[in-house]
Protein chains: 2
Amino acid sequence: MEKNIQEAENYCQQNGLNLTPVRRKVLEILLEKNTAIGAYEILDLLRESGFKNQPPVAYRALDFLVQNGFAHKIEQLNSFIGCMHPGKDHSPAFMICRNCDSVSEEEALTRNFSVSQIASKAGFTVEKAVIEARGLCQSCSDLA
Amino acid sequence: MEKNIQEAENYCQQNGLNLTPVRRKVLEILLEKNTAIGAYEILDLLRESGFKNQPPVAYRALDFLVQNGFAHKIEQLNSFIGCMHPGKDHSPAFMICRNCDSVSEEEALTRNFSVSQIASKAGFTVEKAVIEARGLCQSCSDLA
DNA sequence: TTCCTCCATGATATAACATAACATTCGCGC
DNA sequence: GCGCGAATGTTATGTTATATCATGGAGGAA
């Protein structure tokens with residue numbers, strides 16, 4: 001975990017990114033809990049550590065972390081989780097347990113995988129899958 | 001579209017479900033727009049048609065529709081879209097265009113598919129994919 | 001140095017999304 | 001008629017997220 005922070009710091013140095021105190025603290029928070037947590041819970045923890053606690057503080061830090069691959073947003077929970085392999089180009093698939101709220105990040109290879117395959121590899125029983133891609137549709141691509 | 005409403009009505013009859021006026025109206029709204037719309041926009045449209053317009057009105061109808069496969073929630077947009085093949089057991093994948101906001105529902109077969117395959121079939125260029133499964137993790141299954 | 005610019009943060013306010021909780025109505029079987 | 005359950009009405013509030021403008025601080029150019 002301390003190791004992850006170190007890696008993040010190195011990665012930022014090498015890429016001209018600024019891992020400021022708030023951003024670093026939010027990353028620590030995310031990695032300590034290893035489950036998904038909401039922005040306002042993060043805000044509380046920030047306050048406990050002496051940071052300012054207005055919503056934008058948390059959201060800005062989270063934006064930075066998500067943007068740069070240090071965290072992911074779990075859309076179904078409106079919450080955030082630290083990334084297990086930052087920097088690397090990857091397409092994550094999350095397994096969210098409805099019973100214990102644990103969230104595990106699996107790698108969804110780009111080609112020929114299925115959610116159920118990923119899940120069964122992780123011993124996870126899927127009840128509902130959300131698959132949403134963002135990008136450009138045919139006609140908007142044509143216009144470009 | 002009128003056809004879809006008919007089908008919904010039949011399906012409800014056969015399955016002991018109650019497609020009440022509000023629920024029906026919300027389904028109509030969803031099918032007319034064929035893009036994702038938010039609960040509060042639906043609420044406005046309901047008011048225009050003489051329905052009550054407190055939030056619970058829309059959310060309850062949406063719950064019913066989602067629950068019974070007549071609509072889906074698009075998590076990334078906090079909005080809702082009518083389902084193109086209600087009743088049938090299916091696992092949808094949504095392609096959301098960042099330019100024109102169109103949302104298309106594709107079928108994600110349960111086995112051996114990939115988001116990029118589905119996307120390219122639909123002429124869609126994926127920039128970011130969200131894959132989230134809800135269910136039971138290994139240890140919670142073991143306890144059961 | 002002085003000034004400018006860029007980036008990050010501080011601070012206030014409000015928007016957007018969603019649900020809790022309790023009251024009321026209505027159809028249906030007894 | 002009475003009780004019950006399902007749906008709706010109503011009020012209030014909780015939760016998540018962003019817009020906007022002000023402030024501060026590091027680094028470069030004149």
Side-chain angles (χ1 to χ4, degrees), chain A residues 8-9 12-13 15-27 29-30 35-47 49-68 70-81 96 101 103 130 132 134, chain B residues 8-9 12-13 15-27 29-30 35-47 49-68 70-81 96 98 101 103 130 132:
Chain A
E9 230 146 42
C12 285
Q13 282 221 335
N15 294 81
L17 299 172
N18 196 352
L19 191 62
T20 61
V22 212
R23 293 170 176 176
R24 189 192 152 110
K25 183 65 195 173
V26 172
L27 180 55
I29 290 170
L30 288 172
T35 179
I37 58 181
Y40 281 74
E41 191 180 342
I42 290 172
L43 220 47
D44 287 342
L45 296 170
L46 283 177
R47 187 183 41 233
S49 302
F51 290 89
K52 291 294 155 55
N53 68 116
Q54 298 83 291
V57 174
Y59 282 103
R60 283 169 184 157
L62 287 165
D63 277 353
F64 172 87
L65 296 174
V66 169
Q67 207 74 24
N68 294 292
F70 301 121
H72 296 288
K73 178 169 187 184
I74 306 297
E75 298 286 349
Q76 286 186 74
L77 304 179
N78 292 319
S79 59
F80 301 84
I81 189 166
I96 308 163
D101 288 328
V103 178
V130 168
E132 294 174 9
R134 285 269 230 170
Chain B
E9 229 147 42
C12 285
Q13 282 221 335
N15 294 81
L17 297 172
N18 196 352
L19 191 63
T20 61
V22 213
R23 293 170 176 176
R24 189 192 152 112
K25 183 67 195 173
V26 172
L27 180 55
I29 289 170
L30 289 172
T35 179
I37 57 179
Y40 280 71
E41 192 180 342
I42 289 171
L43 221 47
D44 286 343
L45 296 170
L46 282 177
R47 188 183 41 235
S49 303
F51 289 89
K52 289 297 154 55
N53 68 117
Q54 297 86 309
V57 173
Y59 283 102
R60 292 202 273 237
L62 287 166
D63 277 353
F64 173 87
L65 295 174
V66 169
Q67 206 74 24
N68 295 292
F70 300 121
H72 295 288
K73 178 170 188 182
I74 306 296
E75 299 286 349
Q76 286 187 75
L77 304 180
N78 292 319
S79 59
F80 301 83
I81 189 167
I96 309 164
R98 68 160 155 75
D101 288 330
V103 178
V130 168
E132 294 173 7

Find the distance B:Lys73:NZ to D:dT16:P and express it as a whole number of Å. 12 Å

Tell me the interatomic distance from B:Gln76, atom CD, to D:dA17, atom P, rounded to whole angstroms. 13 Å

Return no unless some side-chain N or O of B:Lys52 is found under 4.0 Å from OP1 or OP2 of D:dT8. no

Between C:dT9 atom P and A:Leu19 atom CG, what is the distance in whole Å? 10 Å

Within the pair B:Asn78 and C:dA18, is there a side-chain N or O less than 4.0 Å away from OP1 or OP2? yes

Answer yes or no: is there an ion pair linking B:Asp63 with B:Arg60, defined by an N-O contact shorter than 4.0 Å? no

Among C:dT9, C:dA8, D:dT16, find the nucleotide with the atom closest to the side chain of A:Asn18. C:dA8

With a 4.0 Å heavy-atom cut-off, tell me which residues in residues 38-46 of chain A come close to DNA chain C, sorted by residue number. none

Interatomic distance, A:Phe51 CZ vs C:dA8 C1' [rounded to whole Å]: 13 Å

Under 4.0 Å from OP1 or OP2 of C:dA18: is there any side-chain N or O of B:Tyr59 that close? yes

Answer yes or no: are there more than 12 heavy-atom neighbours, outside B:Gln13 itself, under 6.0 Å from its atom CD? no

Please report, rounded to the nearest Å, how far the P atom of D:dT16 is from the CZ atom of A:Phe80. 10 Å

Between B:Arg60 and A:Pro55, whichever has its closest DNA chain D nucleotide further toward 5' is B:Arg60

Of all the nucleotides listed (D:dA7, D:dT10, C:dA11), which has the minimum atom distance to the side chain of A:Pro56? C:dA11

From the candidates D:dA7, C:dA8, C:dA11, the one with an atom nearest any side-chain atom of A:Gln54 is C:dA11

Between B:Lys25 and D:dT8, is there a contact of a side-chain N or O with OP1 or OP2 at under 4.0 Å? no

Starting from the 5' end of DNA chain D, give me the residue, A:Asp63 or B:Arg23, whose nearest nucleotide shows up first. B:Arg23

Indicate yes or no for a side-chain donor-acceptor contact from B:Gln76 to the backbone of A:Arg134 under 3.5 Å, with no hydrogens or angles considered. no

CZ of B:Phe64 to CG of B:Leu17, rounded to nearest 0.5 Å, is 5.0 Å

May I have the distance from A:Phe64 (atom CZ) to C:dC6 (atom C1'), rounded to whole angstrom? 16 Å

